[in-house]
Colleague: 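Sending over a structure as structure tokens; questions will come in a sec.
Proteins get letters first, then strands, A, B, ... in listed order; numbering begins at 1 in each.
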2 protein chains.
Amino acid sequence: MSSADHYLADVLKSLSQPTRLKIIDFLRNGERCVCEIFPAIDEEQSNTSRHLSYMQTHGILSRRKEGVKIFYSVKHPEVFEIIDLAGRIVQRETELRSGVVKESRRG
Amino acid sequence: MSSADHYLADVLKSLSQPTRLKIIDFLRNGERCVCEIFPAIDEEQSNTSRHLSYMQTHGILSRRKEGVKIFYSVKHPEVFEIIDLAGRIVQRETELRSGVVKESRRG
DNA sequence: TCGATATATGATTATATAGTCATATATCGA
DNA sequence: TCGATATATGACTATATAATCATATATCGA
């Protein structure tokens, strides 16, 4: 695989961890500083900081400094689209597994 | 976070690994048996089988048996949409990093 | 039945990851 | 200056992951 494929995997990996998903969800309404993020998602400051750095390094988040505070925001709107699409998969799978088979197409 | 959120992370994690991305890409044109998949992606049969089982367990792939062969296919069209959206992020990031270096980096 | 083919899995190893605690660094205000 | 606040990071641990080799299981045809 090319390095672009590894980058593709890295982008998706940035979105495939519960704590990071909590962060991204909290950033749906715009940028927030670390001091707002970690209490909102109920994680340690250090752990939150690591995940924020991870996502910023991988191009998922933007970082803006204002005084002593660092504000993070989701850099690409596709991030939310991806998560919403994954949510649709989860919903359909949950339905399939619970026996509620919804027929929107032949199958 | 609820178990649904863990499931969301699991779905995305299923799509965030280079070997699995190779498999999914090979399945873009429809179902294939394991004996076709592992030579096409140039991975060992056992490793390929593990990743296929992983994705089937997590609701990403469907499995169909025909004689001695097992055919796998991508179960939800959203899988391809997700990967294509991630590809757009990669492309935009690559452009940002190569050409239009907007700001001075840390240093 | 035997042997060839197709797939899955146990055991193992190396590496990656997430999380914690303690601490370092940076900024600001008094 | 000092002290409070905000963020990042080093060291560490426990767990997860991907890959490999060997082998088990299943199906089919001769």
Colleague: Between C/dG19 and A/H51, is there an OP1 or OP2 to side-chain N/O distance shorter than 4.0 Å?
Modeller: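 A/H51 to C/dG19 OP1/OP2: side-chain N or O found under 4.0 Å.
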Colleague: Provide, to the nearest angstrom, the distance between the CD1 atom belonging to B/I70 and the P atom belonging to C/dT5.
Modeller: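 The answer, rounded to whole Å, is 18 Å.
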Colleague: Looking at every strand, decide which applies to A/T48 at a 4.0 Å heavy-atom threshold: base, sugar-phosphate, or nothing.
Modeller: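 It contacts nothing in the nucleic acid.
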Colleague: Is A/S16 reaching over with its side chain to a backbone N or O of A/K13, donor-acceptor style, under 3.5 angstrom?
Modeller: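 Here the side-chain-to-backbone pair exists.
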Colleague: For A/F71, answer base if it contacts any base atom (sugar-phosphate contacts may also be present), sugar-phosphate if it contacts only those atoms, and nothing otherwise; contact means non-hydrogen atoms under 4.0 Å.
Modeller: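 No contact at all - A/F71 keeps every heavy atom at 4.0 Å or more from the nucleic acid.
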Colleague: Nearest 0.5 Å please: distance from the CG atom of A/L52 over to the CD atom of A/Q45.
Modeller: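 Going from the CG atom of A/L52 to the CD atom of A/Q45 covers 9.5 Å.
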Colleague: Counting just side-chain N and O atoms, does A/K65 come under 4.0 Å of either OP1 or OP2 of D/dT7?
Modeller: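 Indeed not, no polar side-chain atom of A/K65 lies that close.
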Colleague: Heavy-atom distance under 4.5 Å between the side chains of B/D84 and B/R88, does that happen here?
Modeller: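 The answer is no; the side chains never approach within 4.5 Å.
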Colleague: May I have the distance from B/Q17 (atom CD) to D/dA16 (atom P), rounded to whole angstrom?
Modeller: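 So the two atoms are 17 Å apart, to the nearest Å.
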Colleague: Sub-3.5 Å donor-acceptor pair from the side chain of B/R20 to the main-chain atoms of A/A9, do we have one?
Modeller: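 Flag not set: sc B/R20 to bb A/A9 has no pair under 3.5 Å.
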Colleague: Tell me which of B/V68 and A/K69 sits closer to the 5' end of DNA chain D, going by the nucleotide each one is nearest to.
Modeller: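 Taking each residue's closest nucleotide, the earlier one in sequence belongs to A/K69.
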Colleague: Expected output is a numbered-order residue list: members of residues 23-45 of chain B with a heavy atom under 4.0 Å from any atom of DNA chain D. What is it?
Modeller: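 Those residues are B/E44.
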Colleague: Verify the contact: side-chain N or O of A/R20 to OP1 or OP2 of C/dG19, cut-off strictly under 4.0 Å; return yes or no.
Modeller: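 Indeed not, no polar side-chain atom of A/R20 lies that close.
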Colleague: Is there a Watson-Crick or G-U wobble partner for C/dG19 with both distances under 3.5 Å, and if so, which one is it?
Modeller: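 Because both required distances fall under 3.5 Å, C/dG19 counts as paired with D/dC12.
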Colleague: Round to a whole Å and report the spacing from CZ of A/R64 to P of D/dA6.
Modeller: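 Roughly 16 Å, once rounded to whole Å.
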Colleague: Look through every strand shown and name the nucleotide pairing with C/dT12 as Watson-Crick or G-U wobble, where both distances are under 3.5 Å.
Modeller: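 The base-pairing partner of C/dT12, which may sit in any strand shown, is D/dA19.
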Colleague: Mind checking who D/dA26 pairs with, Watson-Crick or G-U wobble, both distances under 3.5 Å?
Modeller: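 D/dA26 is paired with C/dT5.
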Colleague: Using whole Å, report how far CG of B/D10 lies from C1' of D/dT17.
Modeller: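 After rounding, the gap between these two atoms is 13 Å.
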Colleague: For B/Y54 and for B/S46, find the nucleotide of DNA chain D with the closest heavy atom, then tell me which residue's nucleotide is more 5'.
Modeller: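 Of the two residues, B/Y54 wins.
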Colleague: Under 4.0 Å between a side-chain nitrogen and a carboxylate oxygen: does that hold for B/D25 and B/R28?
Modeller: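 So B/D25 pairs with B/R28 through a salt bridge.
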Colleague: Looking at A/R64 and A/F71, would you say the former's side chain and the latter's main chain have a donor-acceptor pair under 3.5 Å?
Modeller: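 Here the side-chain-to-backbone pair does not exist.
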Colleague: According to a strict under-4.0 Å criterion, is B/R63 in side-chain N/O contact with OP1 or OP2 of C/dA8?
Modeller: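 So the side-chain polar atoms of B/R63 do come within 4.0 Å of the phosphate oxygens OP1 or OP2 of C/dA8, strictly under.
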Colleague: Within this structure, what is the CG-to-P distance between B/L61 and C/dT7, rounded to whole angstrom?
Modeller: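 Those two atoms, CG and P, are 14 Å apart.
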Colleague: What's the spacing between B/L61 CG and B/M55 CE if we round to 0.5 Å?
Modeller: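 With rounding to 0.5 Å, CG (B/L61) is 4.5 Å from CE (B/M55).
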Colleague: Backbone N or O of A/C33 within a donor-acceptor pair of the A/E36 side chain at under 3.5 Å?
Modeller: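 The answer is yes, because a donor-acceptor pair under 3.5 Å joins these two groups.
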Colleague: Measure CE/B/M55 against P/D/dA18 and give the value in whole Å, please.
Modeller: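 Rounding to the nearest Å, CE of B/M55 and P of D/dA18 are 10 Å apart.
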Colleague: Considering only heavy atoms and no angle criterion, is a donor-acceptor pair shorter than 3.5 Å present between the side chain of B/R50 and the base of D/dT20?
Modeller: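 Looking at the base of D/dT20, it does pair with a donor or acceptor on the side chain of B/R50 (distance under 3.5 Å).
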Colleague: Would you mind telling me which of C/dT17, C/dA8, D/dT7 lies closest to the side-chain atoms of A/K13?
Modeller: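 Nearest to the side-chain atoms of A/K13, counting from C-beta on, is C/dT17.
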Colleague: Can you identify which nucleotide, out of D/dT9, C/dG19, D/dA19, has its nearest atom closest to the B/N47 side chain?
Modeller: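 The listed nucleotide nearest to B/N47's side chain is D/dA19.
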Colleague: Can you see if the side chain of B/Y72 gets near the phosphate of C/dA6 - specifically, an N or O under 4.0 Å from OP1 or OP2?
Modeller: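 For C/dA6, OP1/OP2 do not have a side-chain N/O of B/Y72 under 4.0 Å.
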